[in-house]
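Here's the structure we're looking at; comments come further down.
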Amino acid sequence: MASLSTTSLSFKAPSIQSTRISQVLRTPSCFQSIAFGRFRSSKSLRLQISCAAKPETVQKVKDIVKEQLALSADTALTGESKFSDLGADSLDTVEIVMALEEKFNISVEEADAQNITTIQAAADLIDDLVLKKPAAEAS
Amino acid sequence: MGAAKLSGMQKQVLSLYRGFLRAARSKTTQEDRKRIETIVSNEFRQKSKEVDRKNFQYIEYLLRLGTKQLDQLKSPDMVSISSIKVATSKT
């Protein structure tokens with residue numbers, strides 16, 4: 001993805017500033033999970049810059065992933081959580097992608113499906129596809 | 001999966017798995033669909049544990065077998081599948 005190059009740059013942003021930005025951009029429901037450490041906040045700044053995925057999408061993806069992997073409801077998931085770190089093998093990943101397809105009523109290309117390794121990546125791709133879909137149907 | 005690169009054969013297997021799940025989705029009743037998904041998923045998982053990952057010939061054979069079964073499953077006449085387990089003891 002092209003967004004990767006911006007990713008590493010944003011780490012250089014002053015940490016105070018990045019904390020503030022992430023505070024503004026987060027939805028209230030996420031507040032209790034914010035750690036105001038430098039690393040976390042620069043991370044969320046990075047996410048906001050590198051992608052357009054809506055928080056609702058990310059939340060939906062998280063819910064589906066939890067359901068598919070049978071994780072307990074209070075498991076903390078971030079956008080950066082890797083499926084493999086959550087105990088998913090490649091078959092689980094396929095199942096997750098299929099479940100996402102169904103939920104969002106989209107169809108993920110096979111090549112793309114194999115590149116999805118994190119929740120954020122999945123959410124980005126979904127938002128992308130959802131945006132593209134009405135245009136494709138209209139034409 | 002993670003960052004690990006998948007081999008061509010692994011991709012083939014995953015693609016087949018995806019095909020099965022897609023086919024299951026097209027089946028009418030929720031119940032049939034669940035059953036197909038359970039059987040397929042069990043089969044793949046079981047094989048992934050049992051089969052040696054270097055046993056290419058056998059995996060290729062399983063891939064061919066799976067593709068054929070998928071074709072059958074895709075046919076609209078096919079409504080559901082079932083499986084039975086036969087336990088064998090070595091004594």
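To find a chain, count down the sequence lines: A is the first, B the second, and so on, and within it residues start at 1. Note that the structure is a prediction, hence the values are computed from the model and not measured.
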Which residues in residues 18-25 of chain B have any heavy atom closer than 4.5 Å to a heavy atom of chain A?
B/Arg18, B/Leu21, B/Arg22, B/Arg25
Pairs meeting criterion side chain to side chain donor-acceptor pair (under 3.5 Å) with involvement of residues 57-70 of chain B, two or more places apart:
none
So which part of A/Asp85 gets closer than 4.5 Å to some heavy atom of chain B, the side chain, the backbone, both or neither?
neither
Got a sec: does the CD of A/Glu67 have more than 12 other heavy atoms crowding it under 6.0 Å?
no
Apply side chain to side chain contact (heavy atoms under 4.5 Å, CB included) to B/Glu31 and list each qualifying residue two or more places apart in sequence or on a separate chain.
B/Thr29, B/Arg35
Under 4.5 Å, heavy atom to heavy atom: which of residues 40-54 of chain B reach chain A? Give them by number, or say none.
B/Ser41, B/Phe44, B/Arg45
Could you tell me whether A/Lys66 atom NZ has more than 12 heavy atoms of other residues or ligands within 6.0 Å of it?
yes
